[in-house]
Amino acid sequence: MSEKNFTLPPLDEAYLEETLLQLLAIPSPVGLTDAIVRYVAARLDALGVPYVITRRGAIRATLKGRERHPARAIVAHLDTLGAMVRELKDNGRVGIVPIGSWSSRFAEGGRLTLYTDTQQIRGTCLPLKTSGHAFGDGIDSQPNSWDHVEVRLDMPASGRAELEAAGVNVGDWIAFDPQPEVQPGGYINARYLDDKASVAVLLTACKALKDSGASLPVDVHPLFTITEEVGSGASAALHGDIAEMVSLDIAIAAPGQGTDERAVTICLQDLSGPFDYHLSHKLIKLAQTHGIAHRRDVFKFYRSDSAAAVEAGNDIRTALIGFGADASHAQERTHMDSLRALGALSVAYLMSEPVARRDRQSMGSIEGFTEQLKPGEMQVTTTTLPDPQEFLEAKS
């Protein structure tokens, strides 16, 4: 099946939006992901997609293809940013540290839930100096860091004793409210679109393929990882049969970037280095062939499940595609157009032929190996310099 002779099945957009909002309703900071793993497992069960789960909760599903090899994976992560109790303070409030990499400026003012061993307590993250009526201009001059915010819990507490009596302990997890808002015009605002929007897209892509009965050329393994935000991600859920892996994640719309909130982004390089040339260009060609709005981009301060997979020693081709979004790891915003485009490109990729049939085997001869530059494309035009003796000799 070539890139030019198949029609993409439609995406169920109502299912996409429903799944996204349900995912956002489930707290899942790194380390507190059992509930969202169970949700995705139930979603796969409803679609009739078989799966296995690792000891800690990464999910590897399977969509059977006409051939088993070379298998491919497509991955999104279930875990999000969050926080953890660092200190029970003498003023009855709680000092915190971040889970994952994000700025405390985006935690300030956030409503949250603290999970003790026995109960949940609501609260708010506030700067140390909050009330202008008490601190005046001091509220604008305090530094911005995790050492300068604290959590005010919605319970009577004027000291450590009350916190301890309520069962609050160092190491308790904290999940910030997602605050989702879906606009009639298609804009979607929320915390944790990274990467719950991609998870919703991946499940929707699986549904489109199952509903249509589309024939896939090779086995596909949708992966759902649980530790991407702290760096390990897809390193745990892969197996040796997988030759290609495409990560679905947030793409950053910002000054100096090529990403757009209403298109899918094909990332050619991130902090870990360039992605596979052939797989990335295959995705570009698929987007062009099927009329999918897309952009190319590179990200300097970004890594994904693909990096974790390669760093774990997997010899696989990797690529990254993402939904365009503003304000990553903050109050994120994307558009339904971008999710549609990400879903369409995901489906197109899974229905297309592998990059190289030679990839069935991890080792082989040069026969069938890919080629980036042909000899004629390596020719460099040079200008021959004249011989100085011909124009510098003294005239007699």
Side-chain angles (χ1 to χ4, degrees), residues 1-9 11 44-45 47-54 58-76 201-225 234 236-248 266 275-290 292 305-306 309-310 312-321 343-372:
M1 182 181 290
S2 71
E3 275 88 335
K4 295 184 179 181
N5 65 356
F6 62 87
T7 300
L8 299 184
L11 299 173
L44 292 169
D45 283 334
L47 293 175
V49 177
Y51 59 88
V52 292
I53 302 177
T54 67
I59 301 172
R60 184 175 72 235
T62 300
L63 296 170
K64 297 298 292 183
R66 296 188 297 275
E67 298 180 46
R68 182 177 176 187
H69 303 293
R72 54 177 41 146
I74 185 166
V75 56
V201 166
L202 181 48
L203 287 169
T204 304
C206 290
K207 184 176 188 297
L209 293 170
K210 292 290 289 185
D211 288 350
S212 67
S215 176
L216 305 180
V218 295
D219 284 0
V220 171
H221 296 287
L223 305 180
F224 301 90
T225 65
L238 290 170
H239 58 70
D241 291 340
I242 293 174
E244 303 174 7
M245 187 180 82
V246 173
S247 291
L248 309 188
I266 301 164
F275 294 102
D276 183 78
Y277 176 96
H278 300 283
L279 183 52
S280 296
H281 281 78
K282 176 185 181 65
L283 291 162
I284 292 168
K285 184 176 290 187
L286 284 167
Q288 293 169 341
T289 299
H290 293 280
I292 301 168
D305 275 308
S306 291
V310 172
N314 294 284
D315 180 30
I316 58 176
R317 301 181 187 277
T318 60
L320 171 66
I321 58 178
L345 185 54
S346 298
V347 171
Y349 168 62
L350 298 182
M351 293 180 68
S352 69
E353 292 292 329
V355 166
R357 288 289 175 179
R358 178 186 179 277
D359 289 349
R360 289 188 184 96
Q361 304 295 326
S362 60
M363 296 287 185
S365 68
I366 193 67
E367 185 177 353
F369 185 65
T370 51
E371 186 175 25
Q372 295 164 328

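This chain uses plain numbering: 1 for the first residue, then up along the sequence. Everything numeric in this text was worked out from a predicted model, so none of it was measured. When reading the values below, keep in mind they use all heavy atoms of this one structure, side chains included, and skip hydrogens, waters and symmetry mates.
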Less than 4.5 Å apart, side chain to side chain, heavy atoms only: is that true for [X] and [Y]?
X	Y	result
Pro70	Glu244	no
Cys206	Leu63	yes
Leu11	Val347	yes
Lys282	Val246	no
Pro50	Lys64	no
Leu8	Ile292	yes
Ser346	Leu202	no

Show the nearest heavy-atom pair for residues [X] and [Y], with the distance to one decimal.
X	Y	result
Tyr51	Val49	CD2-O, 3.4 Å
Thr225	Ala58	CA-CB, 4.4 Å
Arg60	Leu223	CG-CD2, 3.3 Å
Pro354	Val218	CG-CG1, 3.7 Å
Leu216	Leu350	CD2-O, 3.5 Å
Ile266	Ala287	CD1-CB, 4.5 Å

Rounded to the nearest 0.5 Å, how far does [atom2] of [Y] lie from [atom1] of [X]?
X	Y	atom1	atom2	result
Ile284	Leu345	CD1	CG	10.0 Å
Arg317	Leu279	CZ	CG	8.0 Å
Glu353	Arg66	CD	CZ	6.0 Å

Is there a donor-acceptor contact under 3.5 Å from the side chain of [X] to the main chain of [Y]?
X	Y	value
Asp219	Gly65	yes
Ser280	Tyr277	no
Ser352	Tyr349	yes
His221	Thr62	no

Hey, mind stepping through Phe6 and His290 against ring-ring contact (aromatic ring centres under 6.0 Å, His included) and telling me if it holds?
CA-CA 9 Å; Phe6 62 87; His290 293 280; 4.9 Å; yes
Salt bridge (Lys or Arg N to Asp or Glu O under 4.0 Å) involving Lys210 - partner list, sequence neighbours excluded
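Lys210 satisfies salt bridge (Lys or Arg N to Asp or Glu O under 4.0 Å) with no residue once adjacent residues are dropped.
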